[in-house]
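Worksheet for the structure shown next.
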Amino acid sequence: MATFLYRLGRLAFRRRWLVLLAWIAVLVAAVVGVSSVSGSTTDDFTLPGTQSQQAIDLLEKEFPQASAGGATARVVMEAPDGQKLTSAAHKQEVESLVADLRKAPQVANVTDPFTAGLVNSSGSIAYAQVTYAVPQADITTAASNALHQVADKGEKAGLDVSLGGNAVLEEEQSNAAELIGLLVAAFVLVITFGSLVAAGLPLVSAIVGVGIALCAITVASSFVDMASNAQTLALMLGLAVAIDYALFIVSRYRTELREGHAPEEAAGRALGTAGSAVVFAGLTVVIALAGLSVIGIAMLTTMGLAAAFAITVAVLVALTLLPAMLGFTGTRVAHGRLTTRRVCAEQRGRRVTMGVRWGRFVTRHPWKMLLASVVGLGVLAIPALSLRLTLPDDSMAAPGSTQRVAYDTLSKGFGPGFSGPLTIVVDARGSDDAKTAAADTSALLEGLGDVAAVRPPVFNEAGDVALLTAVPGSPPTSQETVDLVGDIRERSGAVEEDSGAQVMVTGTTALNIDVSAKLGEAMVPYLAIVVGLALVLLLLVFRSVLVPIKAAAGFLLSVVATLGVLVAVFQWGWLKDVFGVEETAPIVSLLPILLIGVVFGLAMDYEVFLVSGMREAYVHGAGPTEAIVTGFRHGARVVTAAAIIMISVFAGFLLDDIALVKSIGMGLAAAVLFDALVIRMTLVPAVMTLLGARAWALPRWLDRLLPNVDVEGEKLRRVLAERDCQTRIPAQNDQEPTAPAPFG
């Protein structure tokens, strides 16, 4: 691996114009591809094998007019203060709006609020339910515009009109988060390198890689159903990881230049050493993200694969475009004109670096630092015991958005559960009396304490399948509604025994509950798969049994601490005003399992970069403790800078108004903070000190079985040393210096 990357680095350096033009061509092709397609995203879920999905499939067959798989919208109308929608003037206007909705593109059905009882008791609030003939992903711009035109018409007539439901497309978000992340990254890079040229290379390579990845994902969304947050996750991870990977390679390139190597040789050596760590770190992240596919939820699969693709592009850019750009800059990268006197003294060996001082401090007090790390993160993890999961709905929409206004208006007019009604399907095809089965089900629902209202059953044309609607008395995301769905499913067994009819609960609320339950059940198996694969990868990288186990244990500790912080802020409301959280709610069910996949990959990044330096020193003859300090001398400053950049990029998404994006940004920022600065910089050296030489122990039988991937570049160094030696001997005989020949 190291030898191949060495050759690749020198080749890209020499053929820099060809490499640059190739990447420009790829970027242009991606941009052209985006301009020629119309990509769309979706938040729709399908859960094969669950009761809610089974009921939806039955409704599509028996109630085609209901368009059970189609997108829905709620047009919520409120009369001015002191007036009623039931007055002659307002009623006529509402009926005109309903008529316009029925003529809108892709609309399958519209319920009239006056005939369907969708007006509240005071007559001030009503809503029309719009059902589309196509799923959310297929809603056209014309259909979306028609919906907003109806809302604008109602506003001009004096009504307060807002829109809810999954057919309402999200408004474009600002790019403030990305800009803030890039600005902070630029500042940290300048401080780290002391050079504008060196600081600019990671930023340029990251922008190119992320641009190509996002364009490709947009093109892919024209052919597959892409989750609406897939691009955000790809942007978030691609930007942070691309800057980090470039940071490690540029830093190693500068080191090789200081050691007297020619620029081309320095590029090859940098890629042969730091590039190997980039490849394996990137592979770990890709495994963790692609592993989301095993959950069996299409939305999560597309998010994971999109982010994995962005990471792959970032690795390819770091291995090819970056050394080509180094060819254009030459030795100017090493000229740190903005470097402080202290850093200059550290680089010349006249002053001990902060990383070395910290490494020595931890190795002198390993037990104290280990206990402090474990206890501190353990305390932060306590709130995770109260973790509750849900899926985002209009209650989590951005404050002031039409979706949020519609949700609040319905809750005010009809009660908190009205925005999340439960659809009850009575499948009486195997029953002798379908009407009795439906009546028994209706009586069962009315007898439950948390049911606010039950609408009369509606039968299909054959009269053997009934559709009922139950309105919970609690909000859709509350634990009371979760318990209600479970209670209905449990008690429906009595109806099935008496009549032979099957009773199923579905609808958006029930489907969300089933998704959350499935994600909760899948968390442990997914964790086992991802951690197992990554442990094998780390076993190959470090040729040690204890180092990968220690890495995984530290990751688990940082994850539970991160979940604890998320619960405390988003669910309990601690410091919610500081982080801009409008109201508390259960944690979005996608987040924990997404956090596991993403954070594990990022955690292994720092493990590979930091510990590979320790192993490099150890295989060169340093003692176990000395190797730890040496690893900190070479890697602590760069790893710390990389962590600060990642934290800044992720934390910038706290400015987003969408609760899911805000929680993902905070979760990833907290996870990197805990993992990089507590686990990798404190707990890892403490444990390595306590283990001593046993940390690098590998059974002989396993040593013979494992291939040597040479991530630290030891084989490459030996070959280069022999080549340099052979080059110097003829030069001494001829009394003329001879330039090093390209390796291979």
Side-chain angles (χ1 to χ4, degrees), residues 45-72 74 108-118 128-133 135 414 417-418 420-473 476 481-514 517:
F45 280 89
T46 56
L47 282 179
T50 60
Q51 186 186 100
S52 54
Q53 188 64 48
Q54 181 182 352
I56 289 175
D57 295 339
L58 178 62
L59 288 176
E60 290 179 347
K61 178 181 178 182
E62 300 295 335
F63 289 87
Q65 72 278 10
S67 189
T72 59
R74 288 181 295 274
N109 186 39
V110 179
T111 55
D112 189 318
F114 297 111
T115 59
L118 304 181
Q129 183 78 13
V130 184
T131 305
Y132 287 84
F414 297 93
F418 207 80
L422 303 177
T423 301
I424 316 298
V425 180
V426 181
D427 183 5
R429 291 176 295 179
S431 173
D432 296 331
D433 193 345
K435 292 185 177 180
T436 301
D440 291 345
T441 303
S442 181
L444 168 65
L445 296 172
E446 291 172 351
L448 297 177
D450 199 42
V451 174
V454 180
R455 295 175 191 161
V458 177
F459 287 88
N460 63 339
E461 292 183 2
D464 53 7
V465 177
L467 183 64
L468 297 89
T469 302
V471 178
T481 301
V482 175
D483 295 338
L484 175 62
V485 172
D487 202 15
I488 294 173
R489 287 172 173 170
E490 181 180 350
R491 298 194 183 192
S492 63
V495 177
E496 295 177 18
E497 291 179 3
D498 294 340
S499 63
Q502 182 182 7
V503 179
M504 295 175 286
V505 185
T506 187
T508 302
T509 300
L511 187 63
N512 289 353
I513 292 172
D514 289 343

Does P113 have any side chain to side chain contact (heavy atoms under 4.5 Å, CB included) partners at least two apart in sequence or in another chain, and if so, which? M77, V94, V98, L118, V119, A126, A128

By side chain to side chain contact (heavy atoms under 4.5 Å, CB included) - contacts of A443 (at least two apart): none

Min side-chain heavy-atom separation [X]-[Y] under 4.5 Å:
| X | Y | result |
| --- | --- | --- |
| L468 | S442 | yes |
| Q51 | Q53 | no |
| V495 | L444 | yes |

Using modelled atom types and a 3.5 Å cut-off, is there a donor and acceptor pairing between side-chain atoms of T111 and backbone atoms of Q129? yes

Kindly say whether S52 contributes a backbone atom to a donor-acceptor pair with the side chain of T506 at under 3.5 angstrom? yes

Identify which one of V485, T508, T469 satisfies the side-chain contact (heavy atoms from CB on, under 4.5 Å) criterion when paired with L422. V485

Using the side chain to side chain donor-acceptor pair (under 3.5 Å) criterion, which residues pair with D464? Sequence neighbours excluded. N460

For T481, give me all partners under side chain to side chain donor-acceptor pair (under 3.5 Å), at least two apart in sequence or on another chain. S478

One pair to check against side-chain contact (heavy atoms from CB on, under 4.5 Å): L484 and L448. What are the steps and the verdict? CA-CA 8 Å; L484 175 62; L448 297 177; 3.8 Å; yes

Could you walk me through whether L58 and M504 pass side-chain contact (heavy atoms from CB on, under 4.5 Å), step by step? CA-CA 10 Å; L58 178 62; M504 295 175 286; 3.7 Å; yes

Could you grab the distance from atom CG of D440 to atom OG of S492, nearest 0.5 Å is fine? 12.0 Å

Work out which heavy atom in F418 is nearest to a heavy atom in P421; give both atom names and the distance. O-CD, 3.4 Å

Would you check, one step at a time, whether the test side-chain contact (heavy atoms from CB on, under 4.5 Å) holds for V130 with T72? CA-CA 6 Å; V130 184; T72 59; over 6 Å; no

Would you tabulate the side-chain donor-acceptor contacts of residues 423-438 under 3.5 Å, counting partners in other chains and residues two or more places apart, or write 'none'?
from, atom 1, to, atom 2, distance (Å)
D427, OD1, R429, N, 3.4
D427, OD1, R429, NE, 2.8
D427, OD2, R429, NH2, 2.9
S431, OG, D433, N, 3.2
S431, OG, S499, O, 2.8
D433, OD1, K435, N, 3.4
D433, OD1, T436, N, 3.2
D433, OD1, T436, OG1, 3.2
D433, OD2, T436, OG1, 2.4

Using the salt bridge (charged side-chain N to carboxylate O under 4.0 Å, His left out) rule, collect all pairs that involve residues 485-512, keeping only residues at least two apart or in two chains. D487-R491, R489-D514

